[in-house]
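One structure is given here, and the rest of the page talks about it.
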Amino acid sequence: MSKTSASETLRHPHIAIIGGGPGGLVLLLTLYKRGIPATLYEREADSNSRAHLGGMLDLEWESGQRALRENGMEDAFRRLSRRDAEETKLCGKDGIPLFHAPGGDPDDGDLRHARPEIDRRVLRDILLESVPKDNIKWDHALSSIRPLGNGQHELTFANGLVTIADFVVGADGAFSRIRPLLSSATPIYHGVTGAEISLAPTIAALPENRDISEGVGKGCCYLTQDGKIIGFQRNGDGRIRAYAWHRNTLDWTLPQDPKQAKNVLLDIYSGWVPWVGRFIEQCDENAIYLRPLFHLVVGHRWEHKPGVTLIGDAAHLMSPFAGAGANLAMRDALDLGLVLTQVLSKENGQGEREAAVTAWEEEMFVRVTRFAALSATNVEISLGPGTPEAMINAWNQNRA
């Protein structure tokens with residue numbers, strides 16, 4: 001290798017991002033905006049795959065919103081997010097709100113203490129529109145990764161591609177294929193499982209479903225009691241999505257026949273406010289998904305190894321009961337992108353790059369631990385014996 005090509009490798013190493021969720025896309029965007037090339041490998045076939053999945057994300061000022069602000073996307077976020085969807089209701093199984101926080105004022109431009117909601121699909125679309133299409137490789141499911149020494153890794157994909165990366169970022173979620181390079185930790189089952197179901201916009205808008213619509217409100221509504229919870233979200237397109245969780249063993253499942261699956265859920269929520277049962281009866285039969293809850297041990301960390309790191313759920317998987325997952329992933333991605341930019345723009349060597357990433361990892365470990373602990377605590381409270389009152393008390397304490 002010539003001196004010129006070696007210098008070029010130091011200045012523009014092959015950065016491989018595995019996973020195209022919010023974290024992976026924000027990292028790609030952060031690097032691209034600052035002139036650092038990177039390639040994102042995503043297992044899904046194309047950008048339309050699973051476009052119907054995913055609820056709302058409430059983005060916080062110093063994490064999710066900041067990741068967009070610092071990449072020139074604040075205007076797009078303000079235009080596409082919804083302040084009224086910040087409305088939150090907490091109820092028992094009778095559906096009567098014991099806590100009700102109204103949505104934000106759409107005319108209030110100060111978002112520093114707000115958490116505007118944006119549909120996961122909408123967020124993904126605006127991120128995809130902001131990066132070069134050629135930098136994303138669809139239909140690239142990672143089969144294996146092999147260290148080559150000196151920080152390089154050989155990546156082998158299910159479609160037959162084999163490539164060598166100088167720096168790999170695992171943004172590949174709960175069951176990350178990159179994590180085993182750094183840590184022996186595996187996802188731990190919370191003892192809570194259930195289903196994601198939804199009501200199509202046309203069904204949700206029917207006059208006879210007015211009680212469902214009013215029960216959910218403009219944002220989120222959570223009903224919890226008797227060791228069960230069902231949480232509703234209103235998407236921007238009018239679809240109402242629900243996550244129905246209860247305590248059970250990991251081998252619990254739903255029948256493949258959607259009508260039988262609905263009957264199982266109806267039995268679990270028997271005796272709850274009638275509109276919950278009618279929601280289940282009318283839910284989209286093509287969109288019933290198992291949703292067991294997993295987490296990594298609180299305080300998960302690893303000893304840095306050259307040429308590889310993790311962000312988002314791959315690094316600190318937790319339940320959605322702290323409302324932190326997407327925010328943390330986007331903050332991870334922004335901060336790591338800025339660290340890599342600073343090091344690479346100065347044409348520092350590999351040693352300086354690895355030292356900078358090590359320092360970032362240590363900061364990240366500290367930053368996420370309290371959210372992981374809060375998430376684990378909230379799962380126990382939300383499905384515990386004292387709900388709904390215990391969940392409301394915890395909610396108020398977290399808001400204080």
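The first residue of the sequence shown is numbered 1, and numbering continues consecutively from there.
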Is there a donor-acceptor contact under 3.5 Å from the side chain of Glu285 to the main chain of Pro258?
no
Is the closest side-chain heavy-atom distance between His14 and Thr163 below 4.5 Å?
yes
Can you get from Met56 to Leu127 by hopping between Ile, Leu, Val, Met, Phe, Trp and Tyr side chains that sit under 4.5 Å apart?
no
Check whether Val368 and Val298 end up in the same hydrophobic cluster, where Ile, Leu, Val, Met, Phe, Trp and Tyr are linked by side-chain heavy atoms less than 4.5 Å apart.
no
Check: Asn327 side chain, Asp58 main-chain N or O, donor-acceptor pair, under 3.5 Å:
yes
Taking only Lys NZ, Arg NE, NH1 and NH2, and the carboxylate oxygens of Asp or Glu, determine whether Asp332 and Arg367 approach each other closer than 4.0 Å.
yes
Locate the shortest heavy-atom distance separating Ser176 from Asp172; write the atom from each residue and the value.
OG-OD1, 2.6 Å
First locate atom CH2 of Trp245, then atom CG of Leu383, and finally report the distance between them rounded to the nearest 0.5 Å.
9.5 Å
Verify salt bridge (Lys or Arg N to Asp or Glu O under 4.0 Å) between Arg239 and Asp284, making sure each step is shown before the conclusion.
CA-CA 10 Å; Arg239 179 176 290 269; Asp284 188 342; 3.6 Å; yes
Do Arg69 and Trp61 have side-chain heavy atoms sitting under 4.5 Å apart?
yes
Mind checking whether Trp272 and Ile392 sit in one hydrophobic cluster, side chains of I, L, V, M, F, W, Y counted as touching below 4.5 Å?
no
Any donor-acceptor pair under 3.5 Å from Glu117 side chain to Arg82 backbone
no
Where do Pro187 and Leu317 come nearest, in terms of heavy atoms and distance?
CB-CD2, 4.0 Å
Would you mind reporting whether Leu181 and Lys305 have side-chain heavy atoms less than 4.5 Å apart?
no
Check against side-chain contact (heavy atoms from CB on, under 4.5 Å), Ile268 and Val264:
CA-CA 6 Å; Ile268 291 173; Val264 171; 4.3 Å; yes
Counting only N and O atoms by type, is there a donor-acceptor contact under 3.5 Å from the side chain of Asn209 to the main-chain atoms of Ile212?
no
Arg124 vs Ser47, test: side chain to side chain donor-acceptor pair (under 3.5 Å). Steps then yes/no.
CA-CA 9 Å; Arg124 187 191 201 195; Ser47 60; over 6 Å; no
Single-linkage hydrophobic cluster, 4.5 Å side-chain cutoff, Val339 and Leu40 together:
yes
Using a strict threshold of under 4.0 Å (side-chain N to carboxylate O), is an ion pair present between Arg331 and Glu60?
no
Applying side-chain contact (heavy atoms from CB on, under 4.5 Å), run through Leu344 and Ile15 and close with a yes or a no.
CA-CA 11 Å; Leu344 297 176; Ile15 299 174; 4.0 Å; yes
Counting C-beta onward and ignoring hydrogens, is there a side-chain heavy-atom pair between Trp360 and Leu340 closer than 4.5 Å?
no
Under a 4.0 Å N-O cut-off, is there an ion pair linking Glu281 with Arg278?
no
Under 4.0 Å between a Lys/Arg side-chain N and an Asp/Glu carboxylate O for Asp110 and Arg112?
yes
Sidechain N-carboxylate O distance under 4.0 Å for Arg291, Glu196:
yes
Indicate whether any N or O donor in one side chain lies under 3.5 Å from an N or O acceptor in the other, for Ser375 and Ser319.
yes
Output the distance between atom CG (Leu148) and atom CG (Asp166), rounded to the nearest 0.5 Å.
10.0 Å
Roughly how far apart are His316 NE2 and Arg301 CZ, rounded to 0.5 Å?
13.0 Å
Output yes when a side-chain donor or acceptor of Asn135 lies under 3.5 Å from a complementary backbone atom of Ala38, and no otherwise.
yes
Glu303 atom CD: more than 12 heavy-atom contacts under 6.0 Å:
no
The test is side-chain contact (heavy atoms from CB on, under 4.5 Å); show your working for Ile280 and Val276 and say whether it passes.
CA-CA 6 Å; Ile280 295 171; Val276 168; 4.3 Å; yes
Measure the acute angle between the ring planes of Phe175 and Phe294, then classify it against the limits of 30° and 60° as parallel, tilted or perpendicular.
perpendicular
Check Tyr41 against Ala16 and note the closest heavy-atom contact, atom names and distance.
CE1-CB, 3.7 Å
With clusters defined by side-chain heavy atoms of hydrophobic residues (ILVMFWY) lying less than 4.5 Å apart, directly or transitively, does Leu265 cluster with Tyr243?
no
Main chain of Gln152, side chain of Asn150: is a donor-acceptor contact present, judged purely on distance under 3.5 Å?
no
With a 4.5 Å heavy-atom cut-off, do Leu59 and Leu111 have their side chains touching?
no
Hey, can you tell me if His140 and Phe157 have their rings parallel, tilted or perpendicular (30° and 60° cut-offs)?
perpendicular
Backbone N/O of Asn235 and side chain of Asp119: donor-acceptor pair under 3.5 Å:
no
Which atom of Ala314 lies closest to which atom of Leu296, heavy atoms considered:
O-CD1, 4.0 Å
Audit row: Tyr269, Leu223, side-chain contact (heavy atoms from CB on, under 4.5 Å) steps and yes/no:
CA-CA 11 Å; Tyr269 293 94; Leu223 289 77; over 6 Å; no
Check Ala376 against His190 and note the closest heavy-atom contact, atom names and distance.
CA-CE1, 4.3 Å
Give me the ring orientation class for Trp302 and Phe365: parallel if the planes are under 30° apart, tilted from 30 to 60°, perpendicular past 60°.
perpendicular
Side chains of Arg43 and Asn159: do they bring a donor and an acceptor to under 3.5 Å?
no
Report yes or no: do Thr186 and Arg179 form a side-chain donor-acceptor pair below 3.5 Å?
no
N/O donor-acceptor pair under 3.5 Å between Thr377 side chain and Ala373 backbone
yes
I'd like to know if the side chain of Glu74 reaches the main chain of Leu68, judged simply by a donor and an acceptor atom lying under 3.5 Å from each other, with no hydrogens or angles considered.
no
Note: Leu254 and Ala261 closest approach over all heavy atoms is CD2-O, 3.9 Å
What distance separates Thr224 OG1 from Ile229 CD1, expressed to the nearest 0.5 Å?
4.5 Å
Between CZ of Phe77 and CD1 of Ile126, what distance do you get to the nearest 0.5 Å?
8.0 Å
Validation row: Lys262, Ile197 side chains within 4.5 angstrom (heavy atoms)
no
Can a donor-acceptor pair be found, under 3.5 Å and without considering hydrogens, that links the side chain of Asp226 to the backbone of Lys228?
no
Could you tell me if His300 and Ser183 have a donor-acceptor pair between their side chains, going purely by distance under 3.5 Å?
yes
Does some side-chain heavy atom of Ser213 sit less than 4.5 Å from a side-chain heavy atom of Arg234?
yes
Can we say Asp335 and Arg66 salt-bridge, meaning some charged N sits less than 4.0 Å from an Asp/Glu carboxylate O?
yes
Indicate yes or no: at least one non-hydrogen side-chain atom of Asn71 is less than 4.5 angstrom from one of Ser130.
no
Are the charged groups of Glu86 and Arg115 less than 4.0 angstrom apart, N to O?
no
Determine, for Asp75 against Arg79, whether the closest basic-nitrogen to carboxylate-oxygen distance falls under 4.0 angstrom.
no
If you round to the nearest 0.5 Å, how far is CG of Leu338 from NZ of Lys33?
13.5 Å
Heavy atoms from other residues, nucleotides or ligands near CZ of Arg210 exceed 12 (cutoff 6.0 Å)
no
